[in-house]
Amino acid sequence: MSRPGVAGAIAPVLVAAALLSGCGAPRSGVLGPAPTVAPASATASSGAPSSAAPTERPDPPSAPPPATTTPPPAPASTTTRDTVTVELWFVRAGQLVPTRRTRPATVATSRLALTELAAGPTRAESATGLRTLVPAGLEVTRITDGTATLRVPSADDRTQRRLREAQVVWTLTQFPTVRQVRVDGAAPVDRTDYADLLPPIVVSDPAPGDRVSAPLIVTGTADVFEATVSVRVLDAAGREVAAGFGTASCGSGCRGGYRVVVGWRTVREQKGTVEVYEVSARDGSRINTMAVPVVLAPVS
């Protein structure tokens, strides 16, 4: 009887091993790029604004923009299909104060923002002391490599001129295409060049005249003692109907963002006031108060 060869005995084993390894071992190979999801262009059903911001159509840059040590601020503007909401920076008591406008959508968002700055505050905003130093007819001539170029007419004195420039710089740099502004042919500047013009507490939301409902989310930035920001809501008679506090991301010598949630119970719609303030470390009094007139919606 002839004995099978060694190769004939080993072959079935090798075939079985190959089959088992093909079933159990992970495979490698190129799967192609991962699918991406298009960004949302409208607000969510909860009413929170989309993170998409309106953009200008700048000249195509000849080279990538240089790296900066200070990251650009997050865009404050939001868009839907038919409208655009922009943040405007007005002046009160020699300091910068933000508010916002919702207008028909346009690709020329910088022109819209400057037009609204020149138009000045609303009646509700004027009642809080807001005003503008920006003249009519101011336009951005171009936006290249993240720098918006424009000419600001001279003011009566240096303080007025600097406040006027600060209004323009803080308003235009909300857009993702603008990181710096070149004014009157001078060197480009950004928000850090005018940071000293901010009050200790800035209220970004709500804006003067807003109709607000409970729970209300109050947001902004602050540089206050131990980073503690306090909020209270007053009704039409000046009675306190809600109060709360929160902690900014930085404080006592540095500016950080804050977010405070408060609620109230009212039986009818009425005018009210949202006060955001700092509690004095010396005597516990309210200091650096920012009062925002609003309309309080009743709690259902």
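Starting from 1, each residue takes its place in the sequence as its number.
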Could you check if a side-chain atom of [X] sits within less than 4.5 angstrom of a side-chain atom of [Y], using non-hydrogen atoms only?
X: Arg103; Y: Val86; result: no
X: Thr99; Y: Val97; result: no
X: Met290; Y: Val202; result: no
X: Val218; Y: Val274; result: yes
X: Phe90; Y: Arg131; result: no
X: Leu197; Y: Arg162; result: yes
X: Pro208; Y: Thr122; result: no

How close do [X] and [Y] get, heavy atom to heavy atom, and via which atoms?
X: Ala222; Y: Val229; result: CB-CG2, 3.8 Å
X: Ser126; Y: Pro121; result: OG-CG, 3.4 Å
X: Val212; Y: Pro206; result: CG1-CB, 3.9 Å
X: Val294; Y: Ala207; result: CG1-O, 4.2 Å
X: Trp89; Y: Pro98; result: CZ3-CD, 3.6 Å
X: Ala118; Y: Thr132; result: O-CG2, 4.1 Å

Does [X] share a hydrophobic cluster with [Y], counting links as ILVMFWY side-chain heavy atoms below 4.5 Å and allowing steps through other members?
X: Val91; Y: Leu138; answer: yes
X: Leu150; Y: Leu112; answer: yes
X: Phe245; Y: Val276; answer: no
X: Val262; Y: Leu234; answer: no
X: Tyr194; Y: Leu133; answer: yes

Inset, instruction - With sequence neighbours left out, write down each residue that passes side-chain hydrogen bond (donor to acceptor under 3.5 Å, both in side chains) with Thr115, or none if nothing qualifies. - result: none
Inset, instruction - Sequence neighbours left out, what pairs pass salt bridge (Lys or Arg N to Asp or Glu O under 4.0 Å) with at least one residue falling in residues 276-298? - result: none
Inset, instruction - May I have all residue pairs that pass salt bridge (Lys or Arg N to Asp or Glu O under 4.0 Å) and include part of residues 289-300, sequence neighbours excluded? - result: none
Rounded to the nearest 0.5 Å, what's the gap from [atom1] on [X] to [atom2] on [Y]? Could you check?
X: Asp196; Y: Gln95; atom1: CG; atom2: CD; answer: 9.5 Å
X: Tyr258; Y: Ser230; atom1: OH; atom2: OG; answer: 11.0 Å
X: Gln180; Y: Thr173; atom1: CD; atom2: OG1; answer: 10.0 Å
X: Thr109; Y: Phe175; atom1: OG1; atom2: CZ; answer: 4.0 Å
X: Leu96; Y: Leu130; atom1: CG; atom2: CG; answer: 10.5 Å
X: Asp205; Y: Leu216; atom1: CG; atom2: CG; answer: 7.5 Å

Inset, instruction - Please list all pairs passing the disulfide (SG to SG under 2.5 Å) test where one or both residues lie in residues 166-206, with sequence neighbours left out. - result: none
Legend entry - disulfide (SG to SG under 2.5 Å) pairs, two or more places apart, involving residues 249-300: Cys250-Cys254
Among all residues two or more places apart in sequence or in another chain, which pass the side-chain contact (heavy atoms from CB on, under 4.5 Å) test with [X]?
X: Val140; answer: Ser110, Leu114, Ile143, Ala148, Leu172
X: Ala291; answer: Thr273, Glu275
X: Glu139; answer: Arg111

Taking only distance into account, with no hydrogens and no angle test, what donor-acceptor pairs under 3.5 Å do side-chain atoms of residues 235-243 form with protein atoms, sequence neighbours excluded?
from: Asp235; atom 1: OD1; to: Ala237; atom 2: N; distance (Å): 3.0
from: Asp235; atom 1: OD1; to: Gly238; atom 2: N; distance (Å): 3.0
from: Asp235; atom 1: OD1; to: Arg239; atom 2: N; distance (Å): 2.8
from: Asp235; atom 1: OD2; to: Arg239; atom 2: NE; distance (Å): 3.1
from: Asp235; atom 1: OD2; to: Arg239; atom 2: NH2; distance (Å): 3.1
from: Glu240; atom 1: OE1; to: Arg232; atom 2: NH1; distance (Å): 3.4

Inset, instruction - Look at Glu125 together with Arg92 and state whether they make a salt bridge at an N to O cut-off of under 4.0 Å. - result: no
Inset, instruction - Could you list who else is in Val279's hydrophobic cluster, with ILVMFWY side chains joined at under 4.5 Å, directly or through other members? - result: Tyr277
Legend entry - Any residue meeting salt bridge (charged side-chain N to carboxylate O under 4.0 Å, His left out) with Arg182, in chain and number order, not counting sequence neighbours: none
Inset, instruction - Would you list the pairs meeting side-chain hydrogen bond (donor to acceptor under 3.5 Å, both in side chains) in which at least one residue belongs to residues 207-226, sequence neighbours left out? - result: Arg100-Asp210, Arg211-Glu269, Thr221-Arg255
Inset, instruction - For Asp190 and Thr192, run side chain to side chain donor-acceptor pair (under 3.5 Å): C-alpha distance rounded to whole Å, both residues' side-chain angles, the deciding distance at 0.1 Å, then the answer. - result: CA-CA 6 Å; Asp190 58 25; Thr192 61; 2.4 Å; yes
Legend entry - Check: Gln174 side chain, Thr171 main-chain N or O, donor-acceptor pair, under 3.5 Å: yes
